[in-house]
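Per chain, numbering begins at 1; letters A, B, ... match sequence-line order.
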Amino acid sequence: GDSVTQMEGPVTLSEEAFLTINCTYTATGYPSLFWYVQYPGEGLQLLLKATKADDKGSNKGFEATYRKETTSFHLEKGSVQVSDSAVYFCALSSTNAGKSTFGDGTTLTVKP
Amino acid sequence: DGGITQSPKYLFRKEGQNVTLSCEQNLNHDAMYWYRQDPGQGLRLIYYSQIVNDFQKGDIAEGYSVSREKKESFPLTVTSAQKNPTAFYLCASSITQTKGELFFGEGSRLTVL
(Lines give C-alpha, C1' and ligand atoms only; values in the text may rest on other atoms or scores of the structure.)
Protein backbone atom coordinates (compact mmCIF):
# COMPACT_ATOMS: atom_id res chain seq x y z
CA GLY A 1 0.00 0.00 0.00
CA ASP A 2 0.87 3.67 -0.02
CA SER A 3 3.29 4.98 2.58
CA VAL A 4 5.08 8.21 3.53
CA THR A 5 8.34 8.40 5.47
CA GLN A 6 9.38 11.64 7.06
CA MET A 7 12.62 12.72 8.62
CA GLU A 8 12.45 12.04 12.33
CA GLY A 9 12.25 14.98 14.66
CA PRO A 10 12.23 17.04 16.63
CA VAL A 11 14.19 19.66 14.74
CA THR A 12 15.50 22.73 16.56
CA LEU A 13 16.94 25.66 14.62
CA SER A 14 17.98 29.22 15.29
CA GLU A 15 16.10 32.03 13.61
CA GLU A 16 17.24 32.67 10.00
CA ALA A 17 18.69 29.16 9.65
CA PHE A 18 18.04 27.00 6.58
CA LEU A 19 15.41 24.29 6.94
CA THR A 20 15.13 20.94 5.23
CA ILE A 21 12.62 18.27 6.23
CA ASN A 22 12.99 15.09 4.20
CA CYS A 23 10.01 13.16 2.86
CA THR A 24 9.97 10.05 0.69
CA TYR A 25 6.99 8.08 -0.46
CA THR A 26 5.83 4.77 -1.90
CA ALA A 27 2.73 4.74 -4.07
CA THR A 28 1.28 3.12 -7.14
CA GLY A 29 0.46 5.37 -10.04
CA TYR A 30 0.95 9.12 -9.89
CA PRO A 31 0.00 10.56 -6.51
CA SER A 32 -0.41 14.19 -5.58
CA LEU A 33 1.95 15.31 -2.80
CA PHE A 34 1.27 17.73 0.03
CA TRP A 35 2.84 19.43 3.02
CA TYR A 36 0.49 20.34 5.86
CA VAL A 37 1.33 22.39 8.95
CA GLN A 38 -0.22 22.08 12.41
CA TYR A 39 0.12 24.80 15.04
CA PRO A 40 -0.37 23.83 18.71
CA GLY A 41 -3.93 22.82 19.56
CA GLU A 42 -5.19 23.33 16.02
CA GLY A 43 -6.12 21.31 12.98
CA LEU A 44 -3.89 20.93 9.94
CA GLN A 45 -3.60 23.54 7.20
CA LEU A 46 -2.37 22.96 3.69
CA LEU A 47 1.06 24.55 3.26
CA LEU A 48 1.82 23.59 -0.34
CA LYS A 49 1.18 20.90 -2.92
CA ALA A 50 2.40 19.42 -6.19
CA THR A 51 0.33 17.27 -8.49
CA LYS A 52 2.84 15.93 -11.03
CA ALA A 53 6.52 15.16 -11.44
CA ASP A 54 8.91 18.14 -11.39
CA ASP A 55 6.20 20.48 -10.09
CA LYS A 56 7.37 22.86 -7.38
CA GLY A 57 4.92 23.86 -4.67
CA SER A 58 5.62 27.06 -2.75
CA ASN A 59 3.99 29.17 -0.07
CA LYS A 60 5.15 31.57 2.68
CA GLY A 61 8.81 31.04 1.72
CA PHE A 62 8.54 27.23 1.87
CA GLU A 63 9.22 25.13 -1.22
CA ALA A 64 9.10 21.47 -2.20
CA THR A 65 9.73 19.79 -5.56
CA TYR A 66 8.02 16.58 -6.68
CA ARG A 67 10.90 14.23 -7.61
CA LYS A 68 9.55 11.06 -9.18
CA GLU A 69 12.97 9.55 -9.83
CA THR A 70 13.84 9.64 -6.12
CA THR A 71 10.21 9.43 -4.87
CA SER A 72 10.82 12.46 -2.68
CA PHE A 73 9.15 15.74 -1.73
CA HIS A 74 11.54 17.48 0.66
CA LEU A 75 10.39 20.69 2.35
CA GLU A 76 12.82 23.64 2.39
CA LYS A 77 12.89 27.20 3.64
CA GLY A 78 15.84 29.53 3.31
CA SER A 79 15.38 31.49 6.53
CA VAL A 80 13.08 30.25 9.29
CA GLN A 81 11.29 32.46 11.80
CA VAL A 82 10.09 31.78 15.33
CA SER A 83 6.54 31.80 13.96
CA ASP A 84 7.37 28.75 11.79
CA SER A 85 7.51 26.59 14.92
CA ALA A 86 4.90 23.88 14.31
CA VAL A 87 4.47 20.25 13.28
CA TYR A 88 4.89 19.56 9.57
CA PHE A 89 3.24 16.59 7.84
CA CYS A 90 4.07 15.19 4.44
CA ALA A 91 1.15 13.44 2.72
CA LEU A 92 0.14 11.87 -0.54
CA SER A 93 -3.18 11.30 -2.22
CA SER A 94 -3.54 8.70 -4.93
CA THR A 95 -6.53 8.09 -7.13
CA ASN A 96 -6.11 4.34 -6.66
CA ALA A 97 -6.44 4.49 -2.89
CA GLY A 98 -9.00 7.27 -2.84
CA LYS A 99 -7.66 8.62 0.42
CA SER A 100 -4.66 10.44 1.84
CA THR A 101 -1.67 8.86 3.55
CA PHE A 102 0.31 10.90 6.09
CA GLY A 103 3.81 10.74 7.47
CA ASP A 104 4.32 10.80 11.23
CA GLY A 105 5.02 14.52 11.34
CA THR A 106 8.17 16.49 12.18
CA THR A 107 8.16 18.99 15.04
CA LEU A 108 10.09 22.16 14.26
CA THR A 109 11.13 24.58 16.99
CA VAL A 110 12.78 27.84 15.98
CA LYS A 111 14.63 29.75 18.71
CA PRO A 112 15.27 33.50 18.59
CA ASP B 1 -16.95 32.10 5.80
CA GLY B 2 -16.60 28.60 4.43
CA GLY B 3 -15.00 25.95 6.53
CA ILE B 4 -15.31 22.96 8.81
CA THR B 5 -16.69 23.26 12.31
CA GLN B 6 -16.00 20.63 14.93
CA SER B 7 -17.64 20.56 18.34
CA PRO B 8 -17.05 20.36 21.15
CA LYS B 9 -13.42 21.46 21.27
CA TYR B 10 -12.85 19.69 24.59
CA LEU B 11 -14.82 16.78 25.97
CA PHE B 12 -14.49 14.74 29.15
CA ARG B 13 -16.31 11.46 29.61
CA LYS B 14 -16.32 8.54 31.99
CA GLU B 15 -15.25 5.11 30.89
CA GLY B 16 -18.04 3.09 29.31
CA GLN B 17 -19.95 6.07 27.95
CA ASN B 18 -20.57 6.66 24.27
CA VAL B 19 -19.59 10.07 22.94
CA THR B 20 -20.57 11.79 19.68
CA LEU B 21 -18.30 14.37 18.05
CA SER B 22 -19.89 16.78 15.59
CA CYS B 23 -18.44 17.79 12.21
CA GLU B 24 -20.19 20.23 9.88
CA GLN B 25 -18.89 21.70 6.62
CA ASN B 26 -20.28 24.44 4.37
CA LEU B 27 -17.76 23.96 1.58
CA ASN B 28 -20.10 21.79 -0.49
CA HIS B 29 -17.49 19.02 -0.46
CA ASP B 30 -18.51 15.49 -1.34
CA ALA B 31 -15.90 13.62 0.72
CA MET B 32 -15.45 13.74 4.50
CA TYR B 33 -13.00 12.01 6.82
CA TRP B 34 -12.29 11.36 10.50
CA TYR B 35 -8.72 11.03 11.75
CA ARG B 36 -7.31 10.25 15.16
CA GLN B 37 -4.07 11.86 16.35
CA ASP B 38 -2.12 10.66 19.40
CA PRO B 39 0.77 12.63 20.93
CA GLY B 40 3.87 12.56 18.77
CA GLN B 41 2.19 10.46 16.13
CA GLY B 42 0.78 10.99 12.69
CA LEU B 43 -2.84 10.84 11.63
CA ARG B 44 -4.71 7.56 11.47
CA LEU B 45 -7.86 7.28 9.38
CA ILE B 46 -10.97 6.10 11.23
CA TYR B 47 -13.78 6.40 8.66
CA TYR B 48 -14.41 8.23 5.42
CA SER B 49 -17.39 8.98 3.23
CA GLN B 50 -17.54 9.80 -0.47
CA ILE B 51 -21.23 10.60 -0.72
CA VAL B 52 -24.34 10.86 1.40
CA ASN B 53 -25.55 7.58 2.94
CA ASP B 54 -22.27 5.82 2.18
CA PHE B 55 -19.09 5.43 4.24
CA GLN B 56 -16.09 3.11 4.52
CA LYS B 57 -13.90 1.92 7.34
CA GLY B 58 -10.42 3.32 7.57
CA ASP B 59 -7.40 1.80 9.26
CA ILE B 60 -8.67 1.95 12.86
CA ALA B 61 -12.49 1.76 12.68
CA GLU B 62 -13.00 -0.65 15.59
CA GLY B 63 -14.91 0.98 18.44
CA TYR B 64 -16.15 3.88 16.30
CA SER B 65 -19.28 4.51 14.23
CA VAL B 66 -20.36 7.24 11.80
CA SER B 67 -23.33 8.37 9.76
CA ARG B 68 -23.67 10.54 6.66
CA GLU B 69 -27.34 11.50 6.41
CA LYS B 70 -26.60 14.96 5.04
CA LYS B 71 -23.83 16.17 2.76
CA GLU B 72 -22.64 18.77 5.24
CA SER B 73 -22.59 16.58 8.35
CA PHE B 74 -20.42 13.60 9.36
CA PRO B 75 -20.70 12.87 13.11
CA LEU B 76 -18.39 10.38 14.81
CA THR B 77 -19.48 8.26 17.78
CA VAL B 78 -16.77 6.89 20.04
CA THR B 79 -18.35 3.84 21.62
CA SER B 80 -17.55 2.06 24.86
CA ALA B 81 -15.93 -0.66 22.75
CA GLN B 82 -13.03 1.65 21.89
CA LYS B 83 -10.31 0.53 24.28
CA ASN B 84 -8.25 3.71 24.39
CA PRO B 85 -10.42 6.63 23.27
CA THR B 86 -8.43 9.51 24.76
CA ALA B 87 -7.04 11.36 21.73
CA PHE B 88 -7.31 14.39 19.46
CA TYR B 89 -9.90 13.84 16.71
CA LEU B 90 -9.75 15.69 13.41
CA CYS B 91 -12.47 15.96 10.80
CA ALA B 92 -11.57 16.85 7.22
CA SER B 93 -13.23 17.22 3.84
CA SER B 94 -12.22 17.35 0.19
CA ILE B 95 -14.02 18.36 -2.99
CA THR B 96 -14.12 14.75 -4.09
CA GLN B 97 -12.30 11.66 -2.93
CA THR B 98 -9.89 11.86 -5.87
CA LYS B 99 -9.13 15.55 -5.37
CA GLY B 100 -6.80 14.96 -2.49
CA GLU B 101 -6.35 18.37 -0.85
CA LEU B 102 -7.90 18.16 2.61
CA PHE B 103 -9.51 20.93 4.62
CA PHE B 104 -9.42 20.33 8.36
CA GLY B 105 -11.48 21.42 11.32
CA GLU B 106 -9.89 22.69 14.55
CA GLY B 107 -10.17 19.30 16.21
CA SER B 108 -11.88 17.85 19.27
CA ARG B 109 -9.87 16.66 22.26
CA LEU B 110 -11.54 13.76 24.05
CA THR B 111 -10.36 12.73 27.51
CA VAL B 112 -11.80 9.64 29.14
CA LEU B 113 -11.52 9.69 32.92
Side-chain angles (χ1 to χ4, degrees), chain A residues 1-11 21 23 25 27-52 55 57 59 64 66 73 86-109, chain B residues 2-10 21 23-25 27 29-51 54-61 87-111:
Chain A
D2 296 346
S3 68
V4 175
T5 303
Q6 272 184 249
M7 167 177 157
E8 288 189 19
V11 175
I21 301 177
C23 172
Y25 68 91
T28 54
Y30 301 93
S32 295
L33 301 175
F34 306 86
W35 277 101
Y36 291 88
V37 60
Q38 184 180 33
Y39 298 102
E42 298 183 6
L44 279 69
Q45 307 171 25
L46 179 68
L47 180 60
L48 53 84
K49 66 180 180 182
T51 57
K52 60 183 187 296
D55 267 2
N59 185 26
Y66 190 141
F73 193 55
V87 182
Y88 292 83
F89 291 92
C90 184
L92 69 82
S93 174
S94 66
T95 304
N96 292 348
K99 56 182 180 175
S100 296
T101 301
F102 286 81
D104 286 343
T106 300
T107 300
L108 170 66
T109 301
Chain B
I4 298 183
T5 302
Q6 288 187 242
S7 63
K9 193 169 176 65
Y10 299 96
L21 307 180
C23 178
E24 303 278 332
Q25 55 103 353
L27 299 168
H29 286 175
D30 285 331
M32 296 186 75
Y33 310 81
W34 274 105
Y35 289 91
R36 171 179 171 140
Q37 185 178 26
D38 293 286
Q41 296 188 30
L43 277 66
R44 293 185 288 170
L45 183 63
I46 304 172
Y47 269 98
Y48 60 106
S49 168
Q50 302 177 56
I51 57 172
D54 185 53
F55 48 83
Q56 290 79 41
K57 293 182 179 180
D59 302 316
I60 56 164
F88 190 52
Y89 291 89
L90 287 161
C91 180
S93 70
S94 61
I95 295 174
T96 66
Q97 196 174 6
T98 55
K99 294 284 188 182
E101 177 183 339
L102 295 177
F103 294 76
F104 284 86
E106 295 276 301
S108 293
R109 186 168 299 282
L110 171 63
T111 303

Response to the item:
OH of B:Y35 to CZ of A:F102, rounded to nearest 0.5 Å, is 4.5 Å

Worksheet entry | Approximate separation, where rounding is to 0.5 Å, of A:Y39 OH and B:E106 CD | 12.5 Å

Discussion item. Working to the nearest 0.5 angstrom, can you tell me the gap between B:L102 CG and A:K49 NZ?
Written reply: 11.0 Å

Worksheet entry | Proximal component of A:Q38, with respect to chain B [non-hydrogen, under 4.5 Å] | side chain

Worksheet item: Tell me, side chain or backbone of B:F88 under 4.5 Å from chain A's heavy atoms, or both, or neither?
Response: side chain

Worksheet item: Once you round to the nearest 0.5 Å, how far does OG1 of A:T101 lie from CZ of B:R44?
Response: 14.5 Å

Discussion item. Taking atom NZ as the centre, does B:K9 end up with more than 12 heavy-atom neighbours from other residues, nucleotides or ligands that are less than 6.0 angstrom away?
Written reply: yes

Discussion item. Quick check for you: to the nearest 0.5 Å, what is the distance between A:L46 atom CG and B:F104 atom CZ?
Written reply: 9.5 Å

Worksheet item: Which bit of B:Q37 comes within less than 4.5 Å of chain A, counting heavy atoms only: side chain, backbone, both or neither?
Response: side chain

Worksheet item: Is it the backbone or the side chain of B:I4 that comes under 4.5 Å from a heavy atom of chain A, or both, or neither?
Response: neither

